[in-house]
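Start at 1 with the first residue, then count along the sequence.
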Amino acid sequence: MKARFAGVTPRLTLLAIVYGGIAGLVAALTFSGMTALQNLVWGAGGELFSDATTQILVTILAGGALLILIDRAAPTEDLQTLLNQSGDPDGLPRRAVLTTAFAAIVAVAFGGAIGPEAGIVAVVAQLSTIVAHLIGEDVAMRRTIGQAGSAGALGGFYGSPPGAAAIDGDQLGPQKVLQFGAAFAGFFVFLAVMRAMPEGSGARISLPPVDVAYFSPWLLAVAGIAAAAGLAFRALHHLLEVAAQRIRRTWATIAIGTILFAVLAVLVPLVRFSGHHELHDLQVLTDSGAWPTLLLVAAAKIVALSLCLVSGWRGGEFFPLIFIGSAIGAAAAVLIPGLAVGAAMATGMAATTAVGWRRPLAVLLILVLLVDTPVALPLVVGAGIAYLVALLIPGSGDAADDSESPPPEAAR
């Protein structure tokens, strides 16, 4: 056991914890800033335009235009590439990470169907390169700074230190122990900062109340359908990736994807944003019994998320997938008499996210702590079905597959 954790020295442990806390602080400030900018953009648009359709169309198209300008300065990176690169500050492409931070902030502010993780990770990665250059005496210290930065930022944002540490795999080792300590430090700092903010404690999820021991066999069917939605997202995402490579010109990919996303958002406004705050709208639709609308919104969100990820709207898929699975679970609760809404939504979000994100263990560890309602058993059902899908379908549970090699640099 001592040999296994030989790389965990007191000095590196202290460094990981301290810098993880700093990353949690930066993550909280970045997240708050992105949220404030989003409110400013859409609030100003509401005052400027007389109808919602024009506001949605013009705002999203304006965001796409800004993304084209940012991409002209330097290529941007997707979230998985950022996570892979952030562990090595020495080799981090600083200009690309900087433009990714700007692109991710614009994507969130202008209503992209993505989460804010890419912007948070990019900002922290930029800070990590500076800190590593200033105090990193050797490779081990610099790598610890890079990995602690990502773990601290995501541990705070996701509200789950174990989940953040498990994102890049569940193999225990020296670096995993350091990431775990950094994630805990980032979690506590992030939570303290967000509670001091007017908007509360960050990205917490509240569902309709459920009995702590609640279980229904129908949850297995909900999990299966929600897992299929996760597979549908991955299949569509892959198809659009192939189509984007054929276009070759990055600006054209961004423009086409933005136009399609804008039209879809006009038709189904709920596809905008990450989906975290829009979970309340799903509960309103559930109370009115609008199960066809819930399924339509889930399908449209799959398309919107795929379009955004492929066309340069940088962000994470975690919260959009939660939204998709929750919509499916809510629709099932309307259709199946006696099925608890909160349990069905929890099962759906766990199954869709675990399959779509390809990280069943990380999803379970995050959601168990992120969801305020006591729905541990439904979450286990959803994540368990997702794990079975990973076993039955080759490659479906391999998170490393998400870090697909980017296409050759397109002509600009």
Side-chain angles (χ1 to χ4, degrees), residues 8 11-35 79-80 82-89 92 97 101 104 115-132 135-136 141-170 172-197 199-205 274 276 315-316 318-319 359 361-363 365-371:
V8 182
R11 187 183 187 190
L12 289 180
T13 301
L14 179 61
L15 175 63
I17 293 173
V18 171
Y19 189 65
I22 294 173
L25 171 63
V26 174
L29 296 176
T30 303
F31 177 56
S32 298
M34 294 170 81
T35 302
L79 177 59
Q80 184 60 46
L82 275 178
L83 289 173
N84 293 341
Q85 293 173 339
S86 62
D88 181 18
L92 198 69
V97 173
E117 297 96 317
I120 292 172
V121 171
V123 170
V124 172
Q126 279 287 342
L127 177 64
S128 297
T129 60
I130 297 172
V131 174
I135 69 172
M141 285 187 66
R142 292 192 289 273
R143 287 187 177 275
T144 297
I145 291 169
Q147 293 174 344
S150 297
L154 295 180
F157 176 70
Y158 289 139
S160 173
I167 285 176
D168 61 352
D170 55 4
L172 193 61
Q175 291 304 314
K176 187 65 65 179
V177 172
L178 295 176
Q179 289 176 19
F180 191 63
F184 258 106
F187 165 72
F188 286 117
V189 173
F190 185 95
L191 185 62
V193 173
M194 292 307 300
R195 284 185 172 175
M197 298 282 184
E199 297 182 358
S201 59
R204 305 295 300 171
I205 295 176
S274 69
H276 167 247
F318 182 79
F319 280 105
R359 297 172 174 91
L361 177 61
V363 166
L365 291 174
I366 292 173
L367 290 180
V368 164
L369 296 178
L370 191 63
V371 179

> Can you name the residues that form a side chain to side chain contact (heavy atoms under 4.5 Å, CB included) with A185, not counting sequence neighbours?
Replying inline: I17
> Can you name the side chain to side chain contact (heavy atoms under 4.5 Å, CB included) partners of T129, sequence neighbours left out?
Replying inline: P89, L92, R94, Q126
> CG of L12 to OG1 of T144: how many Å apart, nearest 0.5 Å?
Replying inline: 4.5 Å
Which atom pairs, donor and acceptor, lie under 3.5 Å between side-chain atoms of residues 145-167 and protein residues at least two apart or in another chain?
unit_1 : atom_1 : unit_2 : atom_2 : d
S150   : OG     : S86    : OG     : 2.6
Y158   : OH     : E117   : OE2    : 2.8
S160   : OG     : G163   : N      : 3.1
S160   : OG     : L365   : O      : 2.8

> What residues, two or more places apart in sequence or in another chain, satisfy salt bridge (Lys or Arg N to Asp or Glu O under 4.0 Å) together with R142?
Replying inline: D90
> Does anything in residues 157-166 pair up under salt bridge (Lys or Arg N to Asp or Glu O under 4.0 Å), and if so which pairs, sequence neighbours excluded?
Replying inline: none
> Of the non-hydrogen atoms in R204 and H276, which two are nearest, and what is the gap between them?
Replying inline: O-NE2, 2.6 Å
> Step by step, would you call L79 with F318 a side chain to side chain contact (heavy atoms under 4.5 Å, CB included)?
Replying inline: CA-CA 11 Å; L79 177 59; F318 182 79; over 6 Å; no
>> Run the ring-ring contact (aromatic ring centres under 6.0 Å, His included) test against F188 and tell me which residues pass, sequence neighbours left out.
In response: none
With a cut-off of 3.5 Å and sequence neighbours excluded, list every side-chain donor-acceptor pair involving residues 18-31.
unit_1 : atom_1 : unit_2 : atom_2 : d
Y19    : OH     : S128   : N      : 3.1
Y19    : OH     : S128   : OG     : 2.8
T30    : OG1    : V26    : O      : 2.7

